[in-house]
Amino acid sequence: MAASPAPAAAAALLVLLALAAAGGVAADGSDHRYKMNEPVPLYANKVGPFHNPSETYRYFDLPFCSPEKVREKSEALGEVLNGDRLVDAPYKLDFRLEVESKAVCSKKLTVEDVVKFRNAVAKDYYFQMYYDDLPLWGFIGKVEKGGKADPSEWKYYLYRHIIFDILYNNDRVIEINVHTDQSALVDLTEDKETNVEFLYSVKWKETPTPFEKRMEKYSSSSNMPHHLEVHWFSIINSCVTVLLLTGFLATILMRVLKNDFVKYAHDEEAADDQEESGWKYIHGDVFRFPKNKSLFSAALGTGTQLFALTTFIFLLALVGVFYPYNRGALFTALVVIYALTSGIAGYVATSFYCQLEGTNWVRNLLLTGCLFCGPLFLTFCFLNTVAIAYSATAALPFGTICVIVLIWTLVTFPLLVLGGIAGKNSKSEFQAPCRTTKYPREIPPLPWYRRTVPQMAMAGFLPFSAIYIELYYIFASVWGHRIYTIYSILFIVFIILLIVTAFITVALTYFQLAAEDHEWWWRSFLCGGSTGFFVYGYCLYYYYARSDMSGFMQTSFFFGYMACICYAFFLMLGMVGFRAALFFVRHIYKSIKCE
């Protein structure tokens, strides 16, 4: 029955192969060969405060030299989602043509222009460009504090002379770096009109580096020995956690279970002489279906879809699609694969809902479709409104929003419905080793540490401790300018996270059943997913202690989108925890004689 959503999975694999093929072609850059003095495309992308990665603006929002008509480059969906807005740059960098202090334009900066530039320099604005698909950055100016604490006494300068250093190998561009002439400065300290002549120079130098290795420069920073040592320390830390946890389960849990099996395997006369206690005592209630079974099934289906999405993303990363600065590849993959895996959510949710003897499967299917997309859509609407108010490039154009809505309408929703119909027609029954009694048994009073919230805190801490070192590098990449390319180590950490989540949920489920608390369904899901709350707690720590982000827009984007990511974590790991607990509970109740 599980093969019903196979067409969706096959389609997903085809798209993955297409993306991988596209990534493989693009990984070599534009693959252009150039003749002497031939024009090479240079695009200006965006400007923004260095410490606020989400707050970026169009390059010509600052009063640089601009052509009469700004020509925009057509962009893919992922590039737009990434906030890229490429336009033709005002500099002309022809292949192997050296330029010395050539004027771009002479411009009279108004008082308003001076204030704009000064505010940008004060916030450490940088610019980003792409030359032959190679990224380059530079700061637009500098602040001289002169040892003074009062900002009103600081000096603000704009760089007016940019120097491009380009390396080539035969007829191909290999590397580009940019720096500024520290002697060519414009004083922006006072509010007065200023005449500025913007200049640029181009220097070419031959290099033996082959074209195929030109992107290695950008990933080498994350492969430096001291970074690798930290990553391997993270792996060892996680492995020790797993070994300790598995050792705990093997020596304590299995020994207790073995004693339980021996005790419960006594003949009937011996059993009549002693009253049942522990987890066998509740065999008539342990498979009683949970409350809010439609919501539970929807959470399980959505968690399974997000697990499939994460797995496919890791596969793409491991085959090298997400090389550094492959503009928008990750966002494109996320949108496409999420759409194609929606059939998995529909199938799992509806089939499980029907196993729990649910009747309104259509409502369950709609709930499944909205459980993750609903909060994500509301968050997006708020943050997009904030971006529009700031005139930032993070604000999605109306056309892009229409494309996403069409993908959801024409791909995601139909596949969700098809998966739901396949799940409804699977006709599978819930496999319970024990019969459920008519009336539920009363749960005995439990100490405070056996209640849901303390159990979630215990369940989330161990998995979080296995990943927290790697989290810093991921955050520094997503919410900073560090490059992350060691996907193999990240994949190992992800596998360890899944194992630890499954094991800790199984252990806590056993202790819950041993205390004769048979309401383990929701508890196992909440305990499994509780790592998401710890990750969100880490967000608070990272924002205030490890980053220099500031401002309403950046704060909104950071906490808004991290809330969605942590919610996805919660659903995915909750599914893993419940599946592990269900497997364990079925196993132990199969091993005893239930009357």
Side-chain angles (χ1 to χ4, degrees), residues 7-8 11-12 14-16 18-19 22-23 26 43 45-46 48 54-61 69-88 130 302 305-306 309 312-313 316 321 326-346 365-420 553 556-557 560-561 563-565 567-568:
L14 286 173
V15 172
L16 291 177
L19 279 169
Y43 296 106
N45 187 13
K46 51 194 176 185
S54 300
E55 188 184 343
T56 54
Y57 304 94
R58 293 175 181 271
Y59 181 79
F60 289 118
D61 283 352
K69 186 178 180 182
V70 176
R71 196 170 64 183
E72 297 188 356
K73 180 181 182 293
S74 59
E75 294 173 315
L77 173 65
E79 291 177 301
V80 179
L81 292 175
N82 196 38
D84 292 334
R85 303 291 185 271
L86 274 67
V87 295
D88 282 346
Y130 282 93
T302 307
Q305 178 190 5
L306 292 170
L309 169 67
F312 281 134
I313 290 294
L316 285 177
V321 172
N326 183 0
R327 294 191 303 273
L330 177 60
F331 287 103
T332 303
L334 284 170
V335 170
V336 171
I337 299 170
Y338 182 83
L340 292 172
T341 53
S342 59
I344 296 173
L365 198 59
L366 293 174
L367 181 61
T368 305
C370 297
L371 194 62
F372 181 70
C373 281
L376 181 64
F377 177 74
L378 293 175
T379 305
F380 162 75
C381 288
F382 171 72
L383 295 178
N384 205 55
T385 304
V386 171
I388 291 170
Y390 274 74
S391 300
T393 60
L396 293 189
F398 179 72
T400 304
I401 295 172
C402 290
V403 169
I404 293 173
V405 170
L406 281 173
I407 290 173
W408 195 89
T409 308
L410 301 178
V411 181
T412 307
F413 188 70
L415 285 177
L416 180 75
V417 172
L418 287 174
M553 178 182 167
S556 301
F557 267 70
Y561 281 128
C564 292
I565 292 170
Y567 177 49

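- Between atom CG of residue Leu416 and atom CD of residue Gln305 there is a gap of 8.0 Å, rounded to the nearest 0.5 Å.
- Looking at Glu75, its side chain does come within 3.5 Å of a backbone N or O of Leu86 through a donor-acceptor pair.
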Assess the residue pair Leu371 and Thr368 against the criterion (side chain to side chain contact (heavy atoms under 4.5 Å, CB included)); give the C-alpha distance rounded to whole Å, side-chain angles, the decisive distance to 0.1 Å, and a yes or no. CA-CA 5 Å; Leu371 194 62; Thr368 305; 5.9 Å; no

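- The stretch residues 379-389 participates, sequence neighbours left out, in no side-chain hydrogen bond (donor to acceptor under 3.5 Å, both in side chains) pair at all.
- Taking Arg85 as the reference, nothing meets the salt bridge (Lys or Arg N to Asp or Glu O under 4.0 Å) condition, with sequence neighbours excluded.
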Using a 3.5 Å cut-off and no angle test, enumerate the donor-acceptor pairs between side-chain atoms of residues 389-405 and protein atoms at least two apart in sequence or in another chain.
from: Thr393; atom 1: OG1; to: Thr56; atom 2: O; distance (Å): 3.3
from: Thr393; atom 1: OG1; to: Thr56; atom 2: OG1; distance (Å): 2.6
from: Thr393; atom 1: OG1; to: Gly83; atom 2: O; distance (Å): 3.0

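- Smallest separation of non-hydrogen atoms from Leu383 and Ser556: CD2-O, 3.4 Å.
- For Phe380, the CZ atom counts as densely surrounded, since its 6.0 Å shell holds more than 12 non-hydrogen atoms of other residues, nucleotides or ligands.
- Here the rule is side chain to side chain contact (heavy atoms under 4.5 Å, CB included) with Phe413, and of Leu366, Leu418, Ile407 only Leu366 fits it.
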Check against side chain to side chain contact (heavy atoms under 4.5 Å, CB included), Asp88 and Tyr43: CA-CA 5 Å; Asp88 282 346; Tyr43 296 106; 3.2 Å; yes

Candidate pair Trp408 and Ser342, rule side chain to side chain contact (heavy atoms under 4.5 Å, CB included), full reasoning: CA-CA 10 Å; Trp408 195 89; Ser342 59; over 6 Å; no

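- Residues Ile337 and Leu316 share a closest heavy-atom pair of CD1-CD1, 3.8 Å.
- Under the 30°/60° scheme for interplanar angles, the aromatic rings of Tyr338 and Phe372 are found to be tilted.
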Dump the intermediate steps for side chain to side chain contact (heavy atoms under 4.5 Å, CB included) on Thr332 and Leu81, then the final yes or no. CA-CA 8 Å; Thr332 303; Leu81 292 175; over 6 Å; no

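- Rounding to the nearest 0.5 Å gives a distance of 7.0 Å between OG1 of Thr302 and OH of Tyr567.
- The distance from atom CG of Leu306 to atom OG1 of Thr341, rounded to the nearest 0.5 Å, is 7.5 Å.
- Taking every heavy atom of both residues into account, Ile313 and Ala333 meet most closely at CD1-CB, 3.8 Å.
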